[in-house]
Asker: 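The structure follows.
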Amino acid sequence: MSDATAPRRIRMTVIGPILALVLLVVAGALMNPNFLGWDNVTNVLARSAFIGIIAVGMTFVITAGGLDLSVGSMAAFIAGLMILVMNSLVPSMGVGIPVILVGMAVALLAGLAAGLLNGILITRLGIEAFIVTLGSMGIYRSLVTWLADGGTLSLDFALRSLYQPVYYGGIFGITWPIIVFAVVVVIGEIVMRSTAFGRHCAAIGSNEQVAKYSSVRVDRVRLTTYAALGLLVGLATIMYVPRLGSASSATGMLWELEAIAAVIIGGTVLKGGFGRVWGTVIGVLILTLIGNLLNLTDFVSPYLNGAIQGAIIVLAVVLQREGKAR
Amino acid sequence: MSVLALKNVSRSFGPIEVLHGVDIALRPGRVHALIGENGAGKSTTMKILAGYQPPSSGQVLLDGRPVGFASMGQAEAQGISMIHQEFNLAEQLTVEQNIFLGRELKRGPFLDKPAMRARTRDLLDRLECRVAPDRVVSTLSNSDKQMVEIAKALLRDTRVLVMDEPTAVLTRAETAILLRQVRALREAGTAVLFTSHKLDEVEAIADDLTIMRDGRVVWTGEAAAMDQHAMANAMVGREMSDLFPAKVSTPGEVALQVANLTVPGFSRDIGFTLRRGEVLGVAGLIGSGRTETFEGLCGLRPATGDVRIFGQPARIDHPWQAQSLGLCYLTEDRKTRGLLLGKGLRENLTLQALSKFSRGLLDTGAEERALDRAIADFDIRGHRGALVGNLSGGNQQKLLFAKTMLADPQIVVIDEPTRGIDIGTKQQMYVLIRRLAAEGRAIVVISSEMQEVIGLADRILVMRHGRITGELGADATEDAIVKLAMGVATEREPA
């Protein structure tokens, strides 16, 4: 009915997350002169990269009306598996680039397989995404604990220094995780905005029946969103492992919640039907910046990081709802 | 003396004025019919009467005094109830819980269930509705839901009852019961306002009549002064020629051959043949398995049988397989299965044939051009940037049509092509359907309106209890269809 007010409403939900990010940056710059320094900016971006890469995949899953709670423990499991495989290859292949390449391939394949498994259980057997991924979350978390025998899996020391540049190195002072994150974001944005796949995700999320009656291959599209997310978890793990060179049962803890939160803060609708990748990037940056700000300033204890993030998530959803109400 | 009236009421949405100086007066003990094409302003008028929306200017008069309802709750407290086309029921609650929602009977702090159960039985009996009070509403048919809505209004000592197309989802028998109830309410002194696209009903029951066009009242007075033909002319604003276009059919090659089609739980052993250039009508009562049979044929539900498309055996388990073979199903349920109400026209139009606009990336320019063409070809009116949920029913139906035809199907199954749309748009749809047939496509039209099947189809299949009970030619009579649909005659006439 209210044609005239529709564009204004949309604009508000677009501006909301950007405004919040700008406010955070301004506040940060006022409170600490180092905040906008090169070191801090690249630090924030690099820290955002892991969650960010996963959150881009999560944007597609949520837009298509799904959910994946397993990504954090999936990352931990993949990290553990990757370290075990690489360590076991050192005696036969020696310390060298080939071992690391095999490790990377294992991470991507394991991620893809895990994503496909979630997707098949959800689409073929018709089990709720929440239940399936709640289950796989527990399974992967338990598997990594078992692989590490309750402790920590450490990458071969020599291999570690060879692998480290993937996290710490880069070109023109921009580290690899930032570059990979940026590439994933650009591809994700294009896929969401201007491909049939992105359009189909939004259609399925807004009304699965309509999508089915419109000859959309609903199951295949949904399966693809979970598989792509799994692949991206593998990619994020590849960037993450060289940072510490180890994996334990605490690796990737609560990443799923941070990724989902970033997607929602960015304006993607939790029930599906509408998603935007650039919004997710802003969501990730907002979450990371809060932690960063608390560390740089001493107005609020850094221990309250979680509380502030939580408040922002709830606030974002409230604003989203207000945008929808007449 | 009117109980509820609008005086010179206008209403704008943003810069667009949709009602211009409307006057309407409801009198106690009278049934007032409000008719007009889709988008004429009937719904807005009703919402203002029932307190759902305030007027932008003008007055709402209750017992002759101006009132401003701040909410529908206030209007309800004054004895004004409205029954919507889209039901206002809590789907997960029982019939009884719905009827008493918000005004539960209590004994001390506890619910007085036996008393509510008894009142519910009593109300449903009055409506000749045989639904158990403890049935969950989501398991009810549309017509039963309608009855529950009416029972709800009856409970509330309603002085003014506003009904938005109450008979659109009802069968003939149910409509008769509803009309009896309306007459009973009238005897009891209630003022009833209702809208309907079925002019025979209007003629049968209305005491007063108001006809709207383009947001204005174009005629108001005693209903007896108008016959159906005059009503239709006043609604459309021009002389209505023949509703149905001429049937010029030149059947071509066999497009679709179906044998032993069985949709478990709905239909058995369905067989028929359809040629290019033909319009095949499918008639039958609601619940006879018409929709489910063709949904099964198009891969929308599990089905078995031998299907040949242009002579080739076809295996169809998914709708996209049907589409790739040139077979599309156009749903009867445009709001929940046909269109994405929260999206724009362009996204909806191209959804079914998106691959045509994609070479890796989507060509938005080509999509916009397709929308231009669809708007022109199908006469879709409405703001181009609007959400589809805000279009009128007729324009939604045209968009759904355009969307399906963009996939260029050679065989099209059209389920209830004109449900809930006005007579002017109906005529346009009929012309469109005949044009598609003339282009050499093979068309199936499923419809509950016998006039429509007879006026449109070259041949008519009648279904009953999930089986085809007979086939009739283009010269079929309503009587013949009814007999087959009700199971009175079962012989199968040669085509």
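Chain naming here is simple, since letters A, B, ... match the order of the sequence lines and numbering starts at 1 in each. On a predicted model such as this, the values are computed, not experimentally measured, just so you know.
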Asker: What distance do A:Ser206 atom OG and B:Asn348 atom CG have between them, rounded to the nearest 0.5 Å?
Answerer: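 Answer rounded to 0.5 Å: 8.5 Å.
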Asker: Using a cut-off of under 4.5 Å on heavy-atom pairs, state which of B:Arg359, B:His318, B:Glu347 scores highest against chain A.
Answerer: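 Sorted descending by pairs with chain A, the first entry is B:Glu347.
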Asker: Checking B:Leu339 against chain A: side chain, backbone, both or neither under 4.5 Å from a heavy atom?
Answerer: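 Interface part for B:Leu339: backbone (N, CA, C, O).
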Asker: Starting at OH of A:Tyr213, measure out to OG1 of B:Thr336 and round the result to the nearest 0.5 Å.
Answerer: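 Answer rounded to 0.5 Å: 8.5 Å.
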Asker: Are A:Gln209 and B:Asp333 packed together at the side-chain level, in the sense that at least one heavy-atom pair is separated by less than 4.5 angstrom?
Answerer: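 Answer no - side chains too far apart.
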Asker: Quick check on B:Glu295 against chain A: is it the side chain, the backbone, both or neither that has a heavy atom closer than 4.5 Å?
Answerer: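 For B:Glu295, side-chain heavy atoms alone lie under 4.5 Å from chain A.
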Asker: With only heavy atoms counted, which part of B:Ser324 is less than 4.5 Å from chain A, the side chain, the backbone, both or neither?
Answerer: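 Interface part for B:Ser324: neither.
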Asker: Would you say that more than 12 heavy atoms from the other residues, nucleotides or ligands in this model lie under 6.0 Å from the CD of A:Glu128, or not?
Answerer: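 Result for CD/A:Glu128: open.
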Asker: Just checking B:Arg419: does its CZ atom have more than 12 heavy atoms from other residues, nucleotides or ligands closer to it than 6.0 angstrom?
Answerer: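 Count over threshold, so yes.
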Asker: Looking at B:Arg384, I'd like to know if its CZ atom is crowded, meaning that more than 12 non-hydrogen atoms belonging to other residues, nucleotides or ligands lie closer than 6.0 Å.
Answerer: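 Counting other residues, nucleotides and ligands, CZ of B:Arg384 exceeds 12 neighbours.
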Asker: Working to the nearest 0.5 angstrom, can you tell me the gap between A:Arg199 CZ and B:Phe357 CZ?
Answerer: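 So the CZ of A:Arg199 and the CZ of B:Phe357 are separated by 9.5 Å.
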Asker: For A:Val210 versus B:Gly338, what's the shortest heavy-atom pair and its separation?
Answerer: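 Looking at all heavy atoms of both residues, the shortest contact is CG1-O, 3.5 Å.
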Asker: Quick one: closest heavy-atom pair of A:Ser215 and B:Pro319, and the distance?
Answerer: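 So the two residues come closest at OG-O, 3.6 Å.
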Asker: Would you compute the distance between atom CG of B:Leu354 and atom OG1 of A:Thr195 and round it to the nearest 0.5 angstrom?
Answerer: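 The CG atom of B:Leu354 sits 8.5 Å away from the OG1 atom of A:Thr195.
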Asker: Look up atom NZ in A:Lys212 and atom CG in B:Leu300, then write down how far apart they are to the nearest 0.5 Å.
Answerer: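 If we round to the nearest 0.5 Å, A:Lys212:NZ and B:Leu300:CG are 5.5 Å apart.
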Asker: Can you find a pair of side-chain heavy atoms, one from A:Asn207 and one from B:Arg337, that are under 4.5 Å apart?
Answerer: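 Side-chain contact under 4.5 Å: no.
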